[in-house]
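Below: one structure, written as structure tokens.
All values derive from a computational prediction rather than experimental measurement. The figures that follow rest on heavy atoms only: side chains count, while hydrogens, waters and symmetry mates do not.
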Amino acid sequence: MTPAERAEEETAKSLGGTVPRLYQQVFDIVSAQIGKGTLREGARLSETGLAAQFGISRAPARQALAELERRGLLGKASGRGYQVKRQKDTPTAGEAPAGLPERELRLTQASTWSRIYGEVESEIAARTSFAGWRVNETELARYYHVSRTVARDVVARLQQRGVVSKDERARWIAPAMTPDHVTELYELRWLLEPVALEKAAPHLPRDLLAAMRQRLEDAARDAASLTGPDLDHLEEDLHVTLLGYSGNGPLMQAISLPQALLIAHRFLYRWMPRLYGAEPFLPEHLDIINKLESGSTAEAADALRRHLQISRERAIDRIQRVTREVRPDDLPYLEKLD
């Protein structure tokens, strides 16, 4: 097992094992149904219907549908919801099933807290761009129909990820991504991540950098069609996967706290993926990878530091623009802070 795989495994264990998030499980099942022709061209799917069939909330259902649309498996239906698009090598349009067969509605079992963790993290991180929030454990438990113990486990792991912390009154707080807070997090990142990069450089697999470079070059050529998840994956390539080869567990744990920014960015990219036309981090990442490939590790670390310093201003700009144009739904377990 490579250092990155070990790091990924440890991260997965800390967040509930290797069980995929709910939306990914739903995506896998529905895409398989479409591929086999069980769900044929014209079949309609909706957030409400998918949530009811799988016994989940609407947020992971919404994410699964968005990913299915991004992959070309669904298209927006007239009115509301989605329709299955015609696929190659599957049955043609006909009597579309009303829903998914009961025998296929099996999500991987996991501990109760890990089944809801991904959604809770997503919902809170998405809203920290707009305000600071108090997380109410009692309302969290009621909203997901779980015990207070399960809700407490979820919040404790949010603390490990740097998404929430306790204030002086021992309340769980998800701080707002204000310019000052964003600056503090980026300062930590540009101090720690270049160190991790220098430690990781001697342990990188031979083909890792070439594969990362190819993905960046492909993304630069197709900049106009990049989606939020595309940008998120490219960020993880450098800041999570590559740095994971550092072999220094405490250092990576320290890095994970300010990387709560990456969780927030996941939703900023989704709401506003082409804020700058051609995403400016692409050539910056490519410069870092090129320097690593040429053996100039110290120069690559300096380039990473400069990239993070520049990224701070872009992050603040993106947050300010998104908050002017997007209004997320209220959630009963989140209380806006003054």
Side-chain angles (χ1 to χ4, degrees), residues 5 8-9 11-13 15-123 144 211 215 218-219 222 225-234 236-237 240-241 266-267 269-270 273:
E5 288 169 336
E8 183 177 350
E9 184 180 66
T11 299
K13 287 178 181 177
L15 299 177
T18 57
V19 176
R21 289 181 172 182
L22 285 178
Y23 89 88
Q24 183 63 55
Q25 295 184 51
V26 174
F27 168 82
D28 290 341
I29 292 174
V30 176
S31 61
Q33 292 283 0
I34 294 172
K36 290 186 294 186
T38 308
L39 280 171
R40 297 182 181 178
E41 179 187 356
R44 286 178 173 262
L45 297 173
S46 68
E47 284 181 24
T48 304
L50 213 59
Q53 287 177 316
F54 282 98
I56 59 178
S57 68
R58 290 178 61 175
R62 185 185 313 128
Q63 287 181 274
L65 289 168
E67 184 67 10
L68 288 160
E69 182 188 24
R70 188 178 79 85
R71 301 287 185 92
L73 300 176
L74 299 181
K76 288 286 177 62
S78 57
R80 303 185 67 179
Y82 295 82
Q83 280 184 306
V84 175
K85 296 172 70 174
R86 184 171 183 176
Q87 308 295 313
K88 293 181 179 179
D89 304 322
T90 58
T92 56
E95 187 67 27
L100 302 176
E102 287 298 324
R103 63 187 176 82
E104 294 291 347
L105 300 185
R106 293 193 297 271
L107 300 184
T108 305
Q109 294 299 307
S111 57
T112 305
W113 74 264
S114 64
R115 290 203 297 272
I116 68 172
Y117 176 84
E119 180 181 334
V120 176
E121 179 192 78
S122 298
E123 298 289 5
Y144 285 102
R215 285 192 287 274
D218 291 344
D222 300 328
S225 63
L226 290 178
T227 65
D230 294 330
L231 298 174
D232 184 47
H233 294 325
L234 292 168
E236 287 196 10
D237 254 1
V240 179
T241 302
R266 185 180 308 154
F267 303 96
Y269 288 145
R270 186 165 299 156

*Taking the side chain as every heavy atom from C-beta outward, state whether K76 and Y82 have any pair of such atoms under 4.5 Å apart.*
yes
_Distance check, rounded to the nearest 0.5 Å: L45 atom CG versus L73 atom CG?_
10.5 Å
*What closest approach, in Å, do Q83 and G42 show between heavy atoms, and which atom pair accounts for it?*
NE2-O, 3.7 Å
*Are the side chains of V30 and L50 in touch, meaning some heavy atoms are under 4.5 Å apart?*
yes
*Return the minimal non-hydrogen interatomic distance between P60 and Y23, and the atom names on each side.*
O-CB, 3.3 Å
*asked:* What's the separation between atom CD in E67 and atom CG in L74, rounded to the nearest 0.5 Å?
replied: 10.5 Å
_If I take atom CG from residue D230 and atom CZ from residue R215, how far apart are they, to the nearest 0.5 angstrom?_
12.0 Å
*asked:* Rounded at 0.5 Å granularity, tell me how far NZ in K85 sits from CG in L68.
replied: 11.5 Å
*Could you give the distance from CZ (R62) to CG (L65), rounded to the nearest 0.5 Å?*
9.5 Å
*Could you pull out the closest heavy-atom pair between V26 and A64, with the gap in Å?*
CG1-CB, 3.7 Å
*Below 4.5 Å, heavy atoms only, C-beta onward: do V84 and Q33 meet side chain to side chain?*
no
